[in-house]
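The basis for the numbers below is simple: all heavy atoms, side chains too, and nothing from hydrogens, waters or symmetry mates. Note that the structure is predicted; figures quoted are calculated from it, not measured. Numbers for residues simply follow the sequence, beginning at 1.
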Amino acid sequence: MRSFGAITAALLVAGAVGATEIPQAERRSGYSFMKPDTRAIQDEDTANPGMLWVLDGEALWKRKSGATEKACADCHGDARTSMKGVAARYPAFDKATGRPIDLEQRINSCRSNHQQATPLPFESRELLALTAFVARQSQGVPIETGADPQLAPFIAKGRELYMQRQGQLNLGCTNCHDDNWDKRLAGSAITQGHPTGYPLYRLEWQSLGSLQRRLRACITGIRAQAYDYGAPELVELELYLMGRARGMALEAPAVRP
């Protein structure tokens, strides 16, 4: 096993010489990098802590809210049918804003426009619960994000950010997740960075968290200034990452170290 210092040095070299994207045939879910005990937690619903948020989300789905006194179920009915495949298409182009929005933002848009309710704060238990419940309905569905041609310029921006070196360590996402996957950094596996399981439960967090939370942590880790939750840059990066994982199966709520 290579040391933390050796891997960090390798990352710095990779940042200096450029990066190579992973061929489609070699792409792997983060699940495949996990130890057997972590996989077992994810695989068993009664052991997966993320299912607690899914159950809360199911209750919120049926709860009337806002000035209109409507529940999600009043418009969308049985989520097992109406929401199947939805998470596999997000982030998606939003006509009202003229740009992509992620699933959390779509939920808040529905709350504001159709329930006339206050948007839920990013990373709040309620928003994570609704997102996890909706995403759960697409478990096993292949990711389809990026098919809409209107998304092309935003995917390009996301890719640019993914490749861009930044922060005091002068690294980009690609230097870890394209050049050094299947190695270890500070005892943890370096995965390929495919967001197939969000929102997911991280043992490090002892909580469920969104993809934006993970992206902000990575940006902070390379000693760069993290974008605010909901920032266009984060949504564009989410969009690129989901498109990069196109064809891989969703597995939310996943479990990671």
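Using cut-offs of 30° and 60° for the angle between ring planes, the Phe154 and Phe93 rings count as tilted.
Between the side chain of Ser210 and the main chain of Leu128, no donor-acceptor pair closer than 3.5 Å is present. Using modelled atom types, no side-chain atom of Thr131 and backbone atom of Glu104 make a donor-acceptor pair closer than 3.5 Å. Ser112 places no side-chain N or O within 3.5 Å of a backbone atom of Ser109 that could act as its donor or acceptor partner. Proximity of a side-chain donor or acceptor of Asp148 to a complementary backbone N or O of Ala92 within less than 3.5 Å is not detected. Judged purely by atom type and a 3.5 angstrom limit, Arg27 has no side-chain atom pairing as donor or acceptor with the backbone of Ala245. A donor-acceptor pair is defined here as one N or O able to donate and one able to accept, closer than 3.5 Å; such a pair exists between the side chain of Gln139 and the backbone of Ala252. Checking side-chain atoms of Asp102 against main-chain N and O of Pro91 turns up no donor-acceptor pair under 3.5 Å. Looking at Ser207, its side chain never comes within 3.5 Å of a backbone N or O of Arg202 through a donor-acceptor pair. Although no hydrogens or angles enter the test, the distance criterion places no donor-acceptor pair under 3.5 Å between the side chain of Glu44 and the main chain of Ile41. A donor-acceptor pair under 3.5 Å is formed between the side chain of Arg39 and the backbone N or O of Tyr31.
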Test salt bridge (charged side-chain N to carboxylate O under 4.0 Å, His left out) on Glu126 and Arg63; report intermediate values, then the result. CA-CA 12 Å; Glu126 294 86 354; Arg63 184 180 302 166; over 6 Å; no

Any chance you could lay out the salt bridge (charged side-chain N to carboxylate O under 4.0 Å, His left out) test for Glu251 and Arg256, step after step, and finish with the verdict? CA-CA 12 Å; Glu251 50 185 289; Arg256 298 291 185 263; 3.3 Å; yes

Go through the steps to decide whether Asp74 and Glu69 satisfy the test side-chain contact (heavy atoms from CB on, under 4.5 Å), and finish with yes or no. CA-CA 10 Å; Asp74 291 333; Glu69 280 293 304; over 6 Å; no

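The minimum heavy-atom distance between Trp61 and Ser82, with the atom names listed, is CZ2-OG, 4.2 Å.
Atoms OH and OG1, from Tyr90 and Thr145 in turn, are 10.0 Å apart once rounded to the nearest 0.5 Å. The distance from the CZ atom of Arg244 to the CG atom of Leu237 is 10.0 Å, given to the nearest 0.5 Å. Taken from CD in Gln115 to SG in Cys72, the straight-line distance is 5.0 Å, to the nearest 0.5 Å. Atom CZ of Arg111 and atom NZ of Lys70 lie 14.5 Å apart (nearest 0.5 Å). In this structure, Leu250 CG and Glu144 CD are separated by 9.5 Å, a value rounded to the nearest 0.5 Å.
Ion pairing between Lys35 and Asp37 fails under the 4.0 Å rule for side-chain N and carboxylate O.
Using modelled atom types, one finds no donor on one side chain facing an acceptor on the other under 3.5 Å when comparing Glu21 with Thr174. No hydrogens or angles considered: nothing links the side chains of Thr81 and Asp78 as a donor-acceptor pair under 3.5 Å. Side chains of Arg214 and Tyr198: no donor on one and acceptor on the other come within 3.5 Å.
Within the 4.5 Å cutoff, no side-chain heavy atoms of His194 are placed close to those of Ile143. Side-chain contact between Gln105 and Val235 is present, with heavy atoms from C-beta onward closer than 4.5 Å.
Under the 4.5 Å side-chain heavy-atom criterion for grouping Ile, Leu, Val, Met, Phe, Trp and Tyr, Leu234 is connected to Leu200 within one hydrophobic cluster. Under the 4.5 Å side-chain contact rule for hydrophobic residues, Leu208 and Leu211 do not share a cluster.
Counted within 6.0 Å of CD on Gln164, heavy atoms from surrounding residues, nucleotides or ligands total more than 12; the atom is thus considered enclosed. Counting non-hydrogen atoms of neighbouring residues, nucleotides and ligands closer than 6.0 angstrom, the CD atom of Gln225 reaches no more than 12 such neighbours.
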